[in-house]
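Below you'll find the structure, written out as structure tokens, and then a few comments.
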Number of protein chains: 2
Amino acid sequence: MIDKHGIEVCDTQETHFDKVSFVRDSMPPEDELFDLAELFKIFGDTTRMKILYALFESEMCVCDIAAALDMTQSAISHQLRIIKSARLIKSRRLGRTILYSLADDHVATIIGMAKEHLEEL
Amino acid sequence: MIDKHGIEVCDTQETHFDKVSFVRDSMPPEDELFDLAELFKIFGDTTRMKILYALFESEMCVCDIAAALDMTQSAISHQLRIIKSARLIKSRRLGRTILYSLADDHVATIIGMAKEHLEEL
DNA sequence: TGAATATATGAACAAATGCTCATATATTCG
DNA sequence: CGAATATATGAGCATTTGTTCATATATTCA
């Protein structure tokens, strides 16, 4: 069966339509879901996870992060820009170098929750 | 300056080497970081976020999720497989239909933490 | 000011990702 | 059993993503 949106719908029981409507109505607005997904994307890459773990230990300059992760300065710089745009980290200039650090304790909290899930598998 | 790994290293102060070593040593093992990133990838897509929100409201069959999100049954089924492989959801068969539901309350907790971060921007 | 150093960035490219389409599998019911 | 229905899945394709390479910008210091 095809509904008014041109989407297939299970046509066995009437209750399904109620359920579908309810879920549709309770769904958060598109832009909120987009922002949430964008935030999680930051954590969805091992390089960025490593950077966040590194900054969890200490404020660091780009070059040292690159050294610690055995990666290119360019690669790290690109990733730092992405992480910073999500406001998970902040930076301050100190002469020639720029020091990055975690913006707040959300990073640790979010990672902690995820770890908990993984540990229970 | 180039270090023993062939990676550029800041060569201004000796303390940087200590910091780099410390961060290297305190970094979690590669496979743990991989698992964490893989888990966060699940949340890093609006379709999967919508599915999780839908299942947060109620146990649902594939077809109804598709209807609620105005998406193809195939697209939803593909995504459900990905989410299930991360053990965030479980399924049970009921006749012809298969009902999906959240595996535990980690989903809500993790999303909650992220929401908190976004609200404080 | 000009050389050296730290960081940022744009283009290019390979790999990963998400959707569609067609089709396979599994279950129910006549 | 065979038709109908719900779900799963493989191939193909367009988009996104992460890295590299070359180079630009910014700051220090002689």
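Just so it is clear, the values below take in all heavy atoms, side chains as well, and ignore hydrogens, waters and symmetry mates. Here is how names work: the chains are called A, B, and so on, in the same order as the sequence lines, proteins then strands, and each is numbered from 1.
- Between A:Leu94 and A:Ala75, it is A:Ala75 whose nearest contact on DNA chain D lies nearer the 5' terminus.
- Between B:Ile65 atom CD1 and D:dT7 atom C1' there is a gap of 11 Å when expressed in whole angstrom units.
- The pair B:Lys41-A:Asp45 fails the salt-bridge criterion, with no side-chain N (NZ, NE, NH1 or NH2) lying under 4.0 Å from an Asp/Glu carboxylate O.
- Rounded to whole Å, the distance from CZ on B:Arg92 to C1' on C:dA26 is 18 Å.
- A:Met71 places its CE atom 7 Å from the C1' atom of D:dT19, with the value rounded to the nearest Å.
- Counting only heavy atoms from C-beta on, A:His78 has its side chain closest to C:dG10 among C:dG10, D:dG18, D:dA26.
- The CD1-P distance, from A:Ile83 to C:dT7, rounds to 15 Å in whole Å.
- Using modelled atom types, one side-chain atom of B:Arg48 and one backbone atom of B:Ile42 make a donor-acceptor pair closer than 3.5 Å.
- Protein atom CG of A:Asp70 is 20 Å distant from nucleotide atom P of D:dG18, rounded to whole Å.
- Within residues 39-56 of chain B, the residues having any heavy atom under 4.0 Å from DNA chain C are, by residue number, B:Lys41, B:Asp45, B:Thr47, B:Arg48.
- Considering only side-chain atoms of B:Thr72, the nucleotide from D:dT7, C:dT20, C:dA8 that sits closest is C:dT20.
- You'll find a donor-acceptor pair under 3.5 Å spanning the side chain of B:Ser74 and the base of D:dT9, going by distance alone.
- The distance between atom CD1 of A:Ile98 and atom P of C:dT7, rounded to the nearest whole Å, is 7 Å.
- Which of C:dC19, D:dT9, D:dT27 sits closest to the side chain of A:Arg96 comes down to D:dT27.
- Distance, B:Leu99 CG to D:dT5 P: 19 Å, rounded to whole Å.
- A salt bridge links A:Lys50 with B:Glu30: the distance from a Lys NZ or Arg NE/NH1/NH2 to an Asp or Glu carboxylate oxygen falls below 4.0 Å.
- A:Ile76 contributes atom CD1, which lies 9.5 Å from atom CE of A:Met60 (distance to the nearest 0.5 angstrom).
- Side-chain N/O atoms of A:Tyr100 include none lying less than 4.0 angstrom from OP1 or OP2 on C:dA6.
- B:His117 places a side-chain N or O within donor-acceptor distance of the main-chain N or O of A:Ala86, the cut-off being under 3.5 Å.
- Taking only side-chain nitrogens and oxygens, A:Gln79 comes nearer than 4.0 Å to OP1 or OP2 of D:dT19.
- One finds a salt bridge joining B:Arg92 and B:Glu59 here, because a Lys/Arg side-chain nitrogen approaches an Asp/Glu carboxylate oxygen to under 4.0 Å.
- Applying the 3.5 Å distance criterion, the base of C:dA6 shares no donor-acceptor pair with the side chain of A:Gln73.
- Sorted by first and then second residue, the pairs that involve residues 99-118 of chain A and meet salt bridge (charged side-chain N to carboxylate O under 4.0 Å, His left out), not counting sequence neighbours, are A:Lys115-B:Glu32.
- Atom pair A:Arg93:CZ and C:dA8:P shows a separation of 8 Å (rounding to whole Å applied).
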